Amino acid sequence: MTVETLEPALLASPEFHAAGDRHRLWRRMRRDMPVYWHPPAELPGFWSVTRYDDVRAVYGDPAKFSSADGVLLRPASLGNDPGGGRTLALTDPPRHRKLRSLIAARFNARAVRSMQGVLRAQARAAVTAAIERGSCDFAQDVAARLSISTICRIMGMPEGDFESVYRWTHEAFKAQKSLTTYLPIMNYFIDLMCQRKGVAPTDDVAGLLAHGAVDGTPLTEEEILLNFENLVGATENAGLSMATGMLALLEHPDQWQRLREDRRLIPSAIEELLRWASSATHSMRTTTGPHVLGGQSIAAGDRVVLWLPSANRDESAFPDPDRFDLGRQRNRHVALGAGEHACIGGSLARLQLGALLPELLDTAREIELAGPVIPVRSIAVSGPAQLPVRIMAR
Ligand code: HEM
């Protein structure tokens with residue numbers, strides 16, 4: 001694809017996100033058209049925002065940029081997102097903060113740190129199994145399973161159910177279906193909710209939501225189920241960022257070697273892997289009034305789409321942004337969003353990478369690609385759907 005044919009309209013194409021030169025297009029948009037209007041087509045009309053400072057400005061002002069009409073672009077034919085005004089991600093202040101506070105303590109750094117041992121053991125089991133088999137699909141066998149079983153644990157699901165939840169979410173993600181339209185997982189969520197409602201409140205996330213109330217009004221069954229779905233669905237990102245991280249390390253053997261030689265780099269490596277992967281491709285907001293952004297006048301009710309991988313390669317925010325540098329300092333990326341709706345699973349995502357990296361460093365002598373990498377085809381998330389690798393034991 002030549003530079004001339006790289007038009008902003010391509011941002012609406014899942015194929016372009018999977019296989020096109022997105023960063024080349026975004027570089028041009030940041031320079032020449034940082035806030036760009038896409039007229040309505042299959043998707044409703046929307047503004048593309050590609051610069052880091054503009055992305056932070058939108059994230060930082062939830063009163064002017066609302067999440068209640070949806071935070072992901074969806075075809076106009078599908079109508080409004082059913083979670084609008086009801087899930088954590090799709091609620092505006094002041095209700096948002098009250099809803100978030102029902103479960104926030106289960107996701108903060110301290111709570112998540114208490115899972116360190118379990119996560120390390122899980123990562124070890126997945127890597128050891130991969131070594132014994134000779135090769136594995138790192139994206140599914142290691143990354144996605146690790147991320148799904150972690151959220152299952154926090155939700156309070158029985159360990160015997162983790163594999164089924166993995167299978168159902170995998171089937172739904174593969175078919176690009178929202179979990180809300182995928183019956184096996186919704187039936188499972190209904191059973192889980194009914195079970196928790198029938199017993200005294202438990203302090204796992206399923207129990208906290210099932211018995212949760214905002215301003216004295218209990219959450220409706222629909223709100224509980226949509227929030228289960230929001231939390232489990234959002235973990236697709238964690239699996240994709242671990243798989244993209246693995247691929248980046250395979251493509252930059254010098255950086256892998258650097259980490260081998262100096263494990264003190266692990267904290268900065270985690271941030272660089274998150275920035276580089278930027279597995280959440282966009283966040284959307286709807287303006288509550290007229291607004292000027294990046295010199296463009298935006299009307300009330302317009303959709304504004306923040307392209308996070310673009311912001312994370314903005315040359316005004318990151319020196320040498322296209323360099324993968326595990327020692328990068330002052331890495332204030334927006335891979336996990338920012339502001340009021342900053343990712344509630346951020347500590348979890350970091351801890352998962354922090355469990356996986358030392359496990360790979362301890363166990364693997366060498367890791368190599370063992371087949372073609374198949375990317376997800378989506379405008380909402382990016383990364384490898386399949387990543388065949390061979391892991392050789394030390
Ligand atoms: C590397 C992995 C992850 C990435 C890249 C990521 C990315 C993001 C981003 C960009 C947002 C902001 C969305 C917006 O403001 O429109 C967000 C919010 C959110 N994330 Fe994550 N996420 C990750 C892992 C997780 C995990 C493991 C969970 C599991 C609980 C999770 C649950 C959520 C939820 C519920 C929100 C909405 C928070 C709120 O509105 O208060 N995420 N995430």
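In listed order, ligands and their atoms are each counted from 1. All figures in this text were calculated on a predicted structure; none of them were measured in a lab.
Counting the atoms of ligand 1 from 1 in the order shown, those under 4.0 Å from a heavy atom of A335 are 5 (C), 7 (C), 10 (C). Distances below 4.0 Å separate heavy atoms of S241 from the following atoms of ligand 1: 1 (C), 2 (C). Within ligand 1, counting atoms from 1 as listed, the ones closer than 4.0 Å to a heavy atom of A89 are 37 (C), 40 (O). The contact set between ligand 1 and L308, taken as ligand atoms under 4.0 Å from a residue heavy atom, comprises 10 (C). Heavy-atom proximity to V71, at under 4.0 Å, picks out these atoms of ligand 1: 16 (O). With ligand atoms numbered from 1 in the order given, ligand 1 contributes 1 (C), 2 (C) to contacts under 4.0 Å with heavy atoms of A349. Ligand 1 places these atoms under 4.0 Å from at least one heavy atom of L88: 35 (C), 39 (C), 40 (O), 41 (O).
Comparing heavy-atom distances from atom 39 (C) of ligand 1 across R100, R97, E340 singles out R100 as nearest. Distances from atom 16 (O) of ligand 1 to the heavy atoms of H341, M284, R285, H96 put R285 nearest. Compare L348, I154, I148, N237 by their heavy atoms: the one nearest to atom 3 (C) of ligand 1 is in N237. In this structure, of A234, P62, G337, the residue bringing a heavy atom nearest to atom 32 (C) of ligand 1 is A234.
In this structure, D362 pairs ionically with R120, as a charged nitrogen and a carboxylate oxygen lie closer than 4.0 Å. Using a 4.0 Å cut-off between a side-chain N of Lys or Arg and a carboxylate O of Asp or Glu, D204 and R153 do not qualify as a salt bridge. Between D61 and K64 there is a salt bridge, since at least one side-chain N of the basic residue sits less than 4.0 Å from a carboxylate O of the acidic one. Between D262 and R264 there is a salt bridge, since at least one side-chain N of the basic residue sits less than 4.0 Å from a carboxylate O of the acidic one. By the 4.0 Å N-to-carboxylate-O rule, R285 lies too far from E340 to be salt-bridged with it. D69 and R303 are not joined by a salt bridge, as no carboxylate oxygen comes within less than 4.0 angstrom of a charged side-chain nitrogen. Here E163 pairs with R145 in a salt bridge; the nearest charged N to carboxylate O distance falls below 4.0 Å. With respect to the salt-bridge test (charged N to carboxylate O, under 4.0 angstrom), the residues E271 and R328 do not qualify.
Any N or O atom pair closer than 3.5 Å counts here, and F107 shares no such pair with ligand 1. Looking at S279 next to ligand 1, no N or O pair under 3.5 Å apart turns up.
Proximity of the aromatic rings of Y36 and W47 is defined here by a centroid distance below 6.0 angstrom, and this criterion is not met. Ring-centre distance between W307 and H23: not below the 6.0 Å cut-off. Taking the six-membered ring where the residue is Trp, the centroids of H291 and F65 are separated by under 6.0 Å.
In this pair, H341 and H96 present their aromatic rings tilted. The plane angle is within the 30 to 60° band.
Residue contacts with ligand 1, taken as heavy atom pairs separated by less than 4.0 Å, do not involve T150 at all. Only the side chain of L274 comes within 4.0 Å of ligand 1, counting heavy atoms alone; its backbone N, CA, C and O stay farther away.
Closest to atom 13 (C) of ligand 1 among all protein heavy atoms lies S283 OG, 3.6 Å. Looking only at protein heavy atoms, the nearest one to atom 26 (C) of ligand 1 is G345 CA, 3.7 Å. Of all protein heavy atoms, the one lying nearest to atom 34 (C) of ligand 1 is I344 CG2, 3.6 Å. Regarding atom 24 (C) of ligand 1, its nearest protein heavy-atom neighbour is C343 SG, 3.7 Å. Closest to atom 11 (C) of ligand 1, if we only count protein heavy atoms, is L336 O, 3.9 Å.
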